[in-house]
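Per chain, numbering begins at 1; letters A, B, ... match sequence-line order. All values reported here derive from a predicted model rather than from experimental measurement.
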Amino acid sequence: MSSYRAKAIILKAYKLGEADKIVKLYSQKNGLIDAVAKGARKIKSKFGGRLELFNFIDLELASGKSLDIITGAEILKNFSNIPLDFNKFIFCQLISEIVLKMHLHTNEASPVLFKLIYVCFNEIDSLPKDDIYSQEKVACFFIAKFLKITGYAPIIENCSSCGTAIVEEKSGKISFSIKMGGVLCPICSKSAENMPDMKKDLNLPHYNLISDLFSRKFKDFRSVEFDNAVLENVYRLISDYFNYHTDCHIDCYNYLNKFAAVVQSNIKSNIKSNLN
Amino acid sequence: MGLYIKSIENLINEFKKLPGIGPKSAKRIVYYLLKVSPKEILRFSQALVEMKEKVQFCKICFNLSEDDVCDICRDALRDQKKICIVEEVGDVAIIEGTGDYRGLYHVLNGLLSPIENIGPDEIKIPQLLQRIKNLETEEVIIALNPTVEGESTATFLKNVIKPLEIKITKLASGLPVGGDIEFADEITLSRAIADRKEM
């Protein structure tokens, strides 16, 4: 049984047997790792709070048949503010579930994806409590960048049907087709006119935000200012796009609305009534 | 023909479904049961059926009970102004075992997990709020596991109970009795420091 070390973020943890815990991690050098921590749920376990959800830890593992066995763990970073705000927990759980449900190949490392998960968790952790729109902004950024890393990103600069460069229509609208996988030029947009589910018309602020989401690095994106209503619409569009093109079956937008809205219902309903 | 006689194989398969029992343990149990007298087997099977038929969830606190309302909820001598919220029915027995708590309970039978579609309705939060209002509760004790999922659910509970303007407390977390500080992890130790008590 060979042993190895890994620096990883805990994406999911659940009970196994009487006192064990199964932990699903995303590591810097080994990609997804499924491991078991024996006796981790006992009050006097040597792991203590080290194997808690969303922790960034330094692990020592022994390779096993189906699950590796965690023999030691040290905390590198604990995102302690996440459980103190239910919405933060919701967004971090969403990020974890997207990574796990994409069925990425185990042992196939993607340092870029690792960095993306870490940056998003860190940002959500450090955001002010109950600032749901900033949290939504991070989640939206994660979904966009995740689509890009996994090769599902929409085509933004050129028409996704004929390839011509995109120019703004006289009406100030730009068509976006979820099914076609990106924006449409005026000619292709006209041919899809009678198929409402084939295209959505975007205003310039919406288009710019989508463009920023897919092109900017996080430190640049953080400073981008936009209206909350624009973010809400773009988040919905990206979620629909994500749901259509991947086989994750996670309806990110409705998921958020069903749960996060319970606490933040007043803020959300105010924004929605302003939109209508 | 398989490795075992059909009736034995069926029973092994049934035992294998139980938590913590693998094929070898299942086989061992079945071979043990073969040696047991028919009278004892009958008692064992009757106990199983009786348990399934009689045990139900208490209509008030969702603890296990043989009647509509459990013994704890019926006990008028208990402190009716305190409700302790726990995750599983097993946690009630653990807290009762301390003998230090004489209030009421509310069993959630799970924790909030949006991704698994477990929302406030699934873990009986509306019923809890109704109870708090009806009983004019003075204190709610949140006794959920100190995990991220448990604490997120506790945060959610705090947010929904707070408008009712009652005292909300949470079980302390820190060093386990008999443990060594040397082996405590940073999170546990920092909580122990934060929640230290004046002597």
Side-chain angles (χ1 to χ4, degrees), chain A residues 10 12-21 40-55 57 73-98 100-101 129-130 250 252 254-260 262-264, chain B residues 18-22 25 87-88 90 94 110-123 125-126 129 144-163 170-171 173-192 194:
Chain A
I10 302 177
K12 197 167 189 170
Y14 49 90
K15 295 172 184 178
L16 172 76
E18 204 166 296
D20 303 343
K21 203 180 212 180
R41 281 159 46 219
K42 286 184 185 166
I43 288 279
K44 286 184 188 171
S45 156
K46 64 175 175 179
F47 296 114
R50 294 179 183 100
L51 298 181
E52 274 312 305
L53 210 54
F54 313 132
N55 276 355
I57 51 174
E74 284 303 324
I75 296 174
L76 297 173
K77 172 89 182 161
N78 165 237
F79 302 112
S80 56
N81 294 324
I82 294 173
L84 304 180
D85 181 347
F86 190 69
N87 294 324
K88 286 187 180 185
F89 169 69
I90 284 187
F91 283 116
C92 290
Q93 207 189 28
L94 176 69
I95 289 172
S96 301
E97 211 61 19
I98 287 173
L100 292 170
K101 282 211 172 158
K129 220 175 152 195
D130 298 330
I250 303 175
C252 310
N254 285 329
Y255 158 86
L256 169 81
N257 267 7
K258 190 175 171 188
F259 293 94
V262 176
V263 181
Q264 295 291 327
Chain B
L18 301 177
I21 295 186
S25 304
E87 182 189 337
E88 303 282 352
I94 303 283
L111 292 174
L112 286 175
S113 179
I115 219 79
E116 284 152 40
N117 233 349
I118 304 173
D121 291 346
E122 284 76 16
I123 60 166
I125 289 180
L129 296 177
L144 302 177
N145 289 331
T147 58
V148 172
E149 298 92 327
E151 296 202 339
S152 304
T153 305
T155 307
F156 185 91
L157 282 168
K158 187 192 84 184
N159 289 337
V160 292
I161 298 172
K162 216 175 183 181
K170 195 179 92 169
L171 291 192
S173 61
L175 297 170
V177 177
D180 255 32
I181 288 183
E182 187 189 344
F183 298 108
D185 62 287
E186 298 88 320
I187 307 170
T188 311
L189 202 52
S190 63
R191 282 197 194 176

Asks: Do the non-hydrogen side-chain atoms of B:Leu111 and B:Asn145 ever get within less than 4.5 Å of each other?
Replies: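 A side-chain contact under 4.5 Å is absent here.
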Asks: Heavy atoms only, distances under 4.5 angstrom: which of A:Lys46, A:Glu52, A:Glu74 has the most pairs with chain B? Name it, please.
Replies: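 If we count pairs closer than 4.5 Å to chain B, A:Glu52 comes out on top.
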Asks: Under 3.5 Å, is there a donor-acceptor pair linking the side chains of B:Glu149 and B:Ser113?
Replies: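 On atom types as modelled, these side chains do not qualify, holding no pair under 3.5 Å.
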Asks: Given a strict heavy-atom distance threshold of 4.5 Å, which part of A:Lys15 is in contact with chain B: side chain, backbone, both, or neither?
Replies: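 Looking at A:Lys15, just its side chain touches chain B.
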Asks: Just by distance, do the side chain of A:Arg41 and the backbone of A:Glu18 share a donor-acceptor pair under 3.5 Å?
Replies: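 Between the backbone of A:Glu18 and the side chain of A:Arg41 there is a qualifying donor-acceptor contact (under 3.5 Å).
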Asks: Identify which part of B:Ala184 has an atom lying under 4.5 Å from any heavy atom of chain A, answering side chain, backbone, both or neither.
Replies: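 Backbone only.
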Asks: Please determine whether a side-chain nitrogen of the Lys or Arg among B:Arg191 and B:Glu151 lies less than 4.0 Å from a carboxylate oxygen of the Asp or Glu.
Replies: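 Yes, charged N to carboxylate O under 4.0 Å.
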Asks: With a 4.5 angstrom heavy-atom cut-off, could you sort out which part of B:Thr188 is near chain A: side chain, backbone, both or neither?
Replies: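 When you check distances to chain A, only side chain atoms of B:Thr188 fall under 4.5 Å.
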Asks: Counting only non-hydrogen atoms closer than 4.5 Å, does A:Lys21 touch chain B with its backbone (N, CA, C, O), its side chain (CB onward), both, or neither?
Replies: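 Neither part; nothing is under 4.5 Å.
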Asks: Could you tell me whether the side chains of A:Asn78 and B:Glu186 share a donor-acceptor contact shorter than 3.5 Å?
Replies: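 On atom types as modelled, these side chains do not qualify, holding no pair under 3.5 Å.
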Asks: So which part of A:Phe79 gets closer than 4.5 Å to some heavy atom of chain B, the side chain, the backbone, both or neither?
Replies: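 No part of A:Phe79 comes within 4.5 Å of chain B.
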